Amino acid sequence: TTLDGDDTPIRQWLFYATMPYHEARHCEQSWLMLQGQLTGAIAMPTGPHSRGVQPTLTPDKRAELLIALGFPEAIVKRALQSRHNFPESSIPLVRAWVDSIQGRGQASRMQVLAHLSRSPTNFNSYVNLPEEADAWAVERAVSALFRARLAAKGAGDALEGVRALFGEQ
């Protein structure tokens, strides 16, 4: 089993090694959405299926509303304190996530998720959701780094490379 051939064992290892990065990115997405909402740079949609928070409200009032909507108070307060660290360059991406999860794309997203649980053939629709495409991109980047590190070790066998990477004999 090599990096160039049938690498099922290494793909399995990479899946388990990189999936936490994918899931951690979802946590980061949630944090950025919350920070953006508290700064007013990201308005929560006010559609029938959304938790609308108006951007004209003060950050403290937005925090109160988010807490009343069920967001954990400690997390909202921490995001409120750090809202000045919200990267303005991320606004378009964060808006796409908010729109997909709580805005105009919410109904479509719910259909994709419902169909995914019934049939994995809808996987492409799932990975193309803005928040998923972003998380999968992070996972692919980490996987590429691991693969490059394994290849740099010069191991002919990818599993040998994994062992070498972690100092195992």
Side-chain angles (χ1 to χ4, degrees), residues 11 13-117 120-152 165:
R11 281 193 314 237
W13 179 84
L14 284 168
F15 172 79
Y16 290 110
T18 59
M19 186 53 66
Y21 291 91
H22 174 112
E23 297 306 328
R25 180 58 175 173
H26 287 309
C27 295
E28 186 178 21
Q29 290 168 349
S30 296
W31 179 255
L32 289 170
M33 288 187 290
L34 186 57
Q35 275 189 319
Q37 293 159 21
L38 290 168
T39 65
I42 305 295
M44 293 293 294
T46 56
H49 301 291
S50 68
R51 299 175 172 177
V53 176
Q54 298 299 322
T56 56
L57 300 173
T58 66
D60 288 333
K61 190 51 133 173
R62 281 186 232 119
E64 287 176 26
L65 287 171
L66 289 166
I67 292 166
L69 288 168
F71 289 87
E73 183 174 355
I75 293 172
V76 172
K77 286 184 176 181
R78 177 76 175 159
L80 183 62
Q81 291 169 350
S82 69
R83 72 186 182 278
H84 302 295
N85 297 329
F86 178 73
E88 289 188 25
S89 61
S90 68
I91 289 174
L93 189 57
V94 175
R95 281 187 179 144
W97 301 334
V98 169
D99 187 54
S100 173
I101 296 167
Q102 298 168 317
R104 293 181 304 247
Q106 183 185 40
S108 174
R109 179 180 185 270
M110 297 307 288
Q111 283 184 327
V112 166
L113 295 176
H115 291 133
L116 182 65
S117 64
T121 58
N122 293 313
F123 191 71
N124 285 340
S125 297
Y126 167 71
V127 298
N128 287 321
L129 293 169
E131 63 282 3
E132 287 301 330
D134 178 71
W136 283 100
V138 168
E139 184 175 344
R140 282 190 303 275
V142 172
S143 181
L145 290 172
F146 277 127
R147 282 182 172 274
R149 179 78 185 270
L150 290 171
L165 183 63

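Values in this document were obtained by computation on a predicted structure and should not be read as measured data.
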Next on the checklist: Classify the ring geometry of F123 against Y126: parallel below 30°, tilted from 30° to 60°, perpendicular beyond 60°.
Outcome noted: tilted
Next on the checklist: Exactly one of R25, R95, R109 should register a salt bridge (charged side-chain N to carboxylate O under 4.0 Å, His left out) with E131. Which one does?
Outcome noted: R109
Item to check | Check: L32 and P87 side chains under 4.5 Å, non-hydrogen atoms | outcome: yes
Next on the checklist: For the CG atom of N122 and the CG atom of L113, what is their distance to the nearest 0.5 Å?
Outcome noted: 10.5 Å
Item to check | From E28 atom CD to D134 atom CG, the distance as rounded to the nearest 0.5 Å | outcome: 8.0 Å
Next on the checklist: Would you say that C27 contacts E23 through its side chain, given a criterion of any heavy-atom pair below 4.5 Å between the two side chains?
Outcome noted: no
Checklist entry - Any side-chain heavy atom of I67 within less than 4.5 Å of one from E64? => result no
Next on the checklist: Any non-hydrogen side-chain atom of L38 less than 4.5 Å from a side-chain atom of L66?
Outcome noted: yes
Checklist entry - Which heavy-atom pair separates A41 from F86 by the least distance, and what is that distance? => result CB-CE2, 4.0 Å
Item to check | Donor-acceptor under 3.5 Å (S90 side chain, L93 main chain) | outcome: no
Next on the checklist: Counting only heavy atoms from other residues, nucleotides and ligands, does the tally under 6.0 Å from CE of M19 exceed 12?
Outcome noted: yes
Checklist entry - To the nearest 0.5 Å, what is the distance between NE2 (H26) and NE2 (H22)? => result 3.0 Å
Next on the checklist: Would you compute the distance between atom CD of E139 and atom CZ of F15 and round it to the nearest 0.5 angstrom?
Outcome noted: 7.0 Å
Item to check | I101 and Q29, any side-chain heavy atoms less than 4.5 Å apart | outcome: no
Checklist entry - Are the side chain of R83 and the backbone N or O of T39 linked by a donor-acceptor pair below 3.5 Å? => result no
Item to check | Worked check of side chain to side chain contact (heavy atoms under 4.5 Å, CB included) between I42 and M33 | outcome: CA-CA 7 Å; I42 305 295; M33 288 187 290; 5.8 Å; no
Checklist outcome for this item: Between V138 and Y21, the two heavy atoms sitting closest are CG1-O, 3.9 Å
Next on the checklist: Which heavy atom of P20 sits nearest to which heavy atom of A17, and what is that distance?
Outcome noted: CD-O, 3.8 Å
Next on the checklist: When you measure from the side chain of Q35 to the backbone of S82, do you find a donor-acceptor pair of N or O atoms at a distance under 3.5 Å?
Outcome noted: yes
